[in-house]
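Structure, as structure tokens:
Quick caveat, the model's predicted, so the values are computed rather than measured.
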Amino acid sequence: MTEYHVPALDPYGGGPWRLPKLAVIGWPLTHTYSPVMHQAALNGAGLDLTYGSIPVQPDELKHFVRAVNSVMRGINVTTPHKRPIACHCTWLDPLAKVSGAVNTVYFGVEGDICGHNTDGPGLLTALRYRSGFEPGGSHVTIIGAGGSACAAAAALAQAGAVQITVVNRSPEWSARLCQYLREPFPHTEWQDGGLGYPGPNPSPDLILSCVPPAAARAVRHIVEEARPGTIFMDLSYGPTPTQLHRAALGACLHAVPGLEMLLWQGVLAFEIFTGVEDPATAGRMRSALVQAAGEWWLC
């Protein structure tokens with residue numbers, strides 16, 4: 001994987017021609033499968049485009065977006081930029097607008113900066129594909145209150161979840177997220193609390209973890225105490241099952257790996273970047289992910 005280091009001066013490494021047309025940005029980018037996944041799809045579609053990885057520090061985000069607009073075609077956005085980058089977009093899709101979180105940016109030919117959220121629909125497709133889960137009428141517990149949690153909550157509410165409980169180490173953040181989404185989704189019952197808060201429904205249909213691996217020990221009890229058969233997904237991913245994924249399997253939950261969501265949000269981002277809607281894209285990306293992360297997540 002080629003990683004493009006982007007200094008803040010001269011603009012971006014001696015000239016924008018050194019940049020790939022597509023890339024994922026974040027800070028730090030300790031590991032990402034987006035480049036191998038997207039490059040496989042680009043090559044399979046016969047497109048002469050390169051997809052890279054660009055570490056961008058938080059205080060450089062505004063400068064970066066201005067410098068690469070009209071030079072790059074698009075970027076995927078990961079932690080910690082999903083919320084801040086929304087402020088630099090000239091247009092937001094409906095889910096990005098309501099959640100305030102952007103994970104896919106397309107740079108238009110006239111300088112437009114179009115912010116999309118493919119995490120939400122990618123999540124719904126992954127759950128449907130691997131577990132048959134449909135949000136309509138469901139009760140959901142979300143662990144975490146960041147940009148990914150907000151987008152996931154909005155997508156689930158939009159798709160008909162009747163109750164969503166958000167728990168977080170800092171209860172004020174879970175309260176803030178619920179308050180933020182109550183107005184656009186009044187038909188969903190929103191509950192919030194700290195990690196020890198079981199909520200009004202201790203047996204949700206879906207538990208979704210949106211916290212980093214370092215927080216796994218603090219939230220593991222929520223997974224271990226869930227009703228057997230509950231659907232669980234940890235949005236974190238890597239070359240081996242996460243601690244929470246293993247805990248879910250041990251508790252006899254229906255565990256859906258986060259790599260499945262990465263795949264489907266990537267398929268949607270690829271269509272935005274290229275305009276190509278090809279049924280073969282998902283298969284190409286899946287094969288690339290298996291090569292990079294192994295086959296464990298296909299079970």
Hey, what do you get for [atom1] ([X]) to [atom2] ([Y]), rounding to the nearest 0.5 Å?
X: T104; Y: Q265; atom1: OG1; atom2: CD; value: 6.0 Å
X: C210; Y: L235; atom1: SG; atom2: CG; value: 4.0 Å
X: T50; Y: L42; atom1: OG1; atom2: CG; value: 8.0 Å
X: L92; Y: S99; atom1: CG; atom2: OG; value: 8.5 Å
X: I231; Y: L127; atom1: CD1; atom2: CG; value: 6.5 Å
X: L177; Y: C150; atom1: CG; atom2: SG; value: 4.5 Å

Report task. Mind running side chain to side chain contact (heavy atoms under 4.5 Å, CB included) on F107 and C114 for me, showing each step along the way? Result -> CA-CA 6 Å; F107 297 112; C114 304; over 6 Å; no

Shortest non-hydrogen contact between [X] and [Y], atoms and distance:
X: G144; Y: A149; answer: O-CB, 3.4 Å
X: M72; Y: A23; answer: CE-CB, 3.7 Å
X: G147; Y: R83; answer: CA-NE, 3.8 Å

Side chain to side chain, [X] and [Y], heavy atoms closer than 4.5 Å:
X: C89; Y: I113; value: yes
X: D48; Y: K21; value: no
X: V77; Y: V24; value: no
X: I207; Y: I143; value: yes
X: L262; Y: L289; value: yes
X: I25; Y: T78; value: no
X: V102; Y: H116; value: no
X: M285; Y: V36; value: no

Heavy atoms of other groups near [X] [atom1], more than 12 under 6.0 Å:
X: R169; atom1: CZ; answer: no
X: D59; atom1: CG; answer: yes
X: Y129; atom1: OH; answer: no
X: Q57; atom1: CD; answer: yes

I'd like to know if the side chain of [X] and the backbone of [Y] have a donor-acceptor N/O pair within less than 3.5 Å.
X: T281; Y: D278; result: yes
X: E225; Y: I222; result: no
X: N168; Y: P171; result: no
X: S170; Y: E172; result: no
X: S174; Y: G193; result: yes
X: T125; Y: P121; result: yes
X: H139; Y: A161; result: no
X: D112; Y: W91; result: no
X: Q39; Y: L49; result: yes
X: N117; Y: A101; result: yes

Requested in this report: Considering only NZ, NE, NH1 and NH2 on the basic side and carboxylate oxygens on the acidic side, decide whether R182 and E189 come within less than 4.0 Å.
Outcome: no

Requested in this report: State whether E224 and R220 are salt-bridged, where the test is any N-O pair (Lys NZ or Arg NE/NH1/NH2 against Asp/Glu carboxylate O) under 4.0 Å.
Outcome: yes

Requested in this report: Describe, in one word, how the ring planes of H38 and Y51 are oriented to each other, choosing from parallel (under 30°), tilted (30 to 60°) and perpendicular (over 60°).
Outcome: parallel

[X], [Y]: one ILVMFWY side-chain cluster at the under-4.5 Å cut-off?
X: F270; Y: Y33; value: yes
X: L95; Y: W190; value: yes
X: F133; Y: V162; value: no
X: L181; Y: W173; value: no
X: L124; Y: M233; value: yes

Query raised in the report: When the aromatic ring centroids of H245 and F232 are compared, is their separation below 6.0 Å?
Result: no

Report task. Assess whether side chain to side chain contact (heavy atoms under 4.5 Å, CB included) is satisfied between I142 and L156, documenting all intermediate values. Result -> CA-CA 10 Å; I142 295 179; L156 289 162; 4.3 Å; yes

Query raised in the report: Could you walk me through whether V68 and L19 pass the side chain to side chain contact (heavy atoms under 4.5 Å, CB included) check?
Result: CA-CA 8 Å; V68 303; L19 294 172; 3.5 Å; yes

Between [X] and [Y], a side-chain donor and acceptor under 3.5 Å:
X: T118; Y: N103; answer: yes
X: Q179; Y: R176; answer: no
X: Q191; Y: T165; answer: no
X: D234; Y: T242; answer: yes

Query raised in the report: Stepwise, does the side chain to side chain contact (heavy atoms under 4.5 Å, CB included) test hold for V290 with W297?
Result: CA-CA 8 Å; V290 167; W297 62 283; 4.1 Å; yes

